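Below, read A as the first sequence line, B as the second, and so on, with proteins coming before strands; counting in each chain starts at 1. These figures come from a predicted structure and were not determined experimentally. The figures that follow rest on heavy atoms only: side chains count, while hydrogens, waters and symmetry mates do not.
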Amino acid sequence: MSESTDSAVSAYTVRLELVDEPGELLRALEPIADNGGNLLSIFHERGSLTPRGHIPVEVDLEATPERFESIVTALREAGVNVIQAGAERYGEELSVVLVGDLVETDLSDTLSRLECTSASVADIALSAPEGTDEPASARLRLATQAGERDQALDTVRAVADEKDLLLVEPLVGADR
Amino acid sequence: MKLAIVGCGAVGSAVAELAGEYGHRVTALADSTSATVDPDGIDVGTALDRKAEGRGVGTDGIDRALDAEYDALVEATPTTLGDAKPGFAHVRHALDRDAHAVLANKGPVAERYADLRAAERESEGEVLFEAAVGGAIPVLSTIADLGPTNVTAVRGVLNGTANFILSRMSAEGLDYGHVLAEAQDLGVAEADPTFDVEGTDAALKCVILANVLGDGETTLADANVTGITDLTPSALDLATDDGRTVRLVGEVVDGDGAPEVRVGPRLVPENGTLAVTGTQNIVQLETRHAGQLNLSGRGAGGRATATAVLGDVGRLP
């Protein structure tokens with residue numbers, strides 16, 4: 001690769017989850033500055049909590065691709081939870097619960113079908129306390145690109161319908 | 001006002017009991033087998049005692065009650081689907097003789113709304129049905145005050161039985177069958193709970209809301225309905241781990257042209273407004289100019305629902 005493409009500076013967005021303790025934000029920003037990232041904006045959603053009970057922070061920064069890679073690595077090494085990192089902005093999250101014969105209907109196929117749309121499966125929790133003979137439940141957290149939440153939800157509905165799974169949807173537009 | 005009450009279940013009998021307190025006189029009362037009629041006012045206590053003894057409210061036929069002297073007919077017979085018989089016929093009978101009709105029965109308003117409004121247009125009487133949606137909660141009168149065009153969406157927890165089951169399953173980690181049996185023992189769930197747990201009851205309420213907000217052509221067949229019978233304790237646990245809980249939520253949202261009705265289990269924030277527990281109901285209105293309005297209270301029960309019926313009677317001209 002040529003020197004010029006390698007060193008081209010792009011804008012990136014990183015979504016972080018921070019523990020609600022003093023100094024956490026500074027600790028999260030240090031790896032960015034230390035690795036040559038140029039901070040553009042920090043959106044620190046104090047008061048709103050992620051599903052894990054942490055504080056969501058969205059950081060926009062400029063860096064070369066290789067510097068960006070080292071920033072993400074440094075953040076993870078520092079124990080900062082990186083939800084999403086990339087030039088692509090993942091604007092929204094969507095949690096759903098599926099109930100039914102998840103294992104028999106091929107869970108990995110279900111997941112890959114959801115992956116191929118504008119969403120990506122950020123997190124999955126599976127529960128089958130009664131074994132595979134009884135219905136299992138799964139909670140999926142999908143990261144969707146801004147404005148494509150409805151489309152992602154339509155895909156989940158179609159897959160659930162086809163595989164005869166009960167879908168517990170999030171409530172769109174209600175208080176969150 | 002002189003009231004004829006058709007239907008003498010929890011709601012009809014509570015309306016009869018409370019009517020006097022609200023300044024009205026019950027001139028006719030009918031249950032499914034008999035009626036009692038008196039233009040000077042029936043003796044409600046005697047009629048209800050007779051009914052409690054299994055003898056029917058009186059010695060007259062039901063048609064006598066429909067033809068009695070009254071200003072408003074209170075239609076409180078059980079909800080039936082499809083052509084909404086006999087509730088619709090009772091209401092039309094009242095309108096044909098230019099009397100008012102107040103419904104607690106969801107059937108005619110959900111399934112034959114256009115027919116109901118057509119009959120009303122040809123009558124001097126008016127039709128009101130606050131009690132059909134959310135029991136004592138003043139949903140329809142609030143929408144009427146706001147103006148239906150200023151309400152852009154409605155969502156709510158509109159069935160106490162389903163909500164009781166979900167709250168208990170979630171709190172105790174018990175399975176659906178166990179909690180349903182408990183709810184039946186407590187009298188919260190009917191012996192045949194299908195209507196409640198499969199979402200039909202909540203859907204009918206949403207269909208009524210859709211008719212009020214839209215062009216009046218919505219019926220149950222247009223609603224997308226999923227019940228709670230397939231939910232498992234583990235699904236509820238997964239929701240709780242995520243700071244959420246599951247409620248059977250009915251939604252009426254702007255579709256293309258006509259409002260769209262959807263009912264199903266939904267993830268809601270565990271401590272959020274919609275996470276009402278037990279038999280409490282809540283209705284959330286999205287308004288064009290006033291943001292979100294939350295109305296919560298008792299969505300069922302004889303006296304609570306009778307309060308809405310008598311509120312309607314008080315609104316009549």
Problem - Within residues 131-145 of chain B or reaching into it, pairs that qualify as side-chain hydrogen bond (donor to acceptor under 3.5 Å, both in side chains) - sequence neighbours excluded - result: B/Glu130-B/Ser141

Practice task
Tell me, yes or no, whether the heavy-atom count around B/Arg262 atom CZ, taken from other residues, nucleotides or ligands under 6.0 Å, exceeds 12.
Solution key: yes

Handout entry: salt bridge (Lys or Arg N to Asp or Glu O under 4.0 Å) contacts in which one or both residues fall within residues 175-196 of chain B, not counting sequence neighbours
Key = B/Arg168-B/Glu182

Practice task
Let me see the working for A/Val97 and B/Arg244 under side chain to side chain contact (heavy atoms under 4.5 Å, CB included), right down to the final yes or no.
Solution key: CA-CA 11 Å; A/Val97 171; B/Arg244 289 155 214 245; over 6 Å; no

Practice task
Using a 4.5 Å cut-off on heavy atoms from C-beta on, say whether the side chain of B/Arg247 contacts that of A/Leu171.
Solution key: no

Practice task
May I ask you to check whether over 12 heavy atoms, not counting those of A/Arg27, lie within 6.0 Å of atom CZ?
Solution key: yes

Problem - Part of A/Leu167 within contact of chain B (heavy atom distance under 4.5 Å) - result: backbone

Handout entry: For chain A, which residues of residues 226-235 of chain B have heavy atoms nearer than 4.5 angstrom
Key = B/Thr226, B/Gly227, B/Asp230, B/Leu231, B/Thr232, B/Ser234, B/Ala235

Exercise for the section: Could I get the full list of side-chain contact (heavy atoms from CB on, under 4.5 Å) partners for B/Ala300, not counting sequence neighbours? Expected result: none

Exercise for the section: Output yes when a side-chain donor or acceptor of A/Arg139 lies under 3.5 Å from a complementary backbone atom of B/Leu238, and no otherwise. Expected result: yes

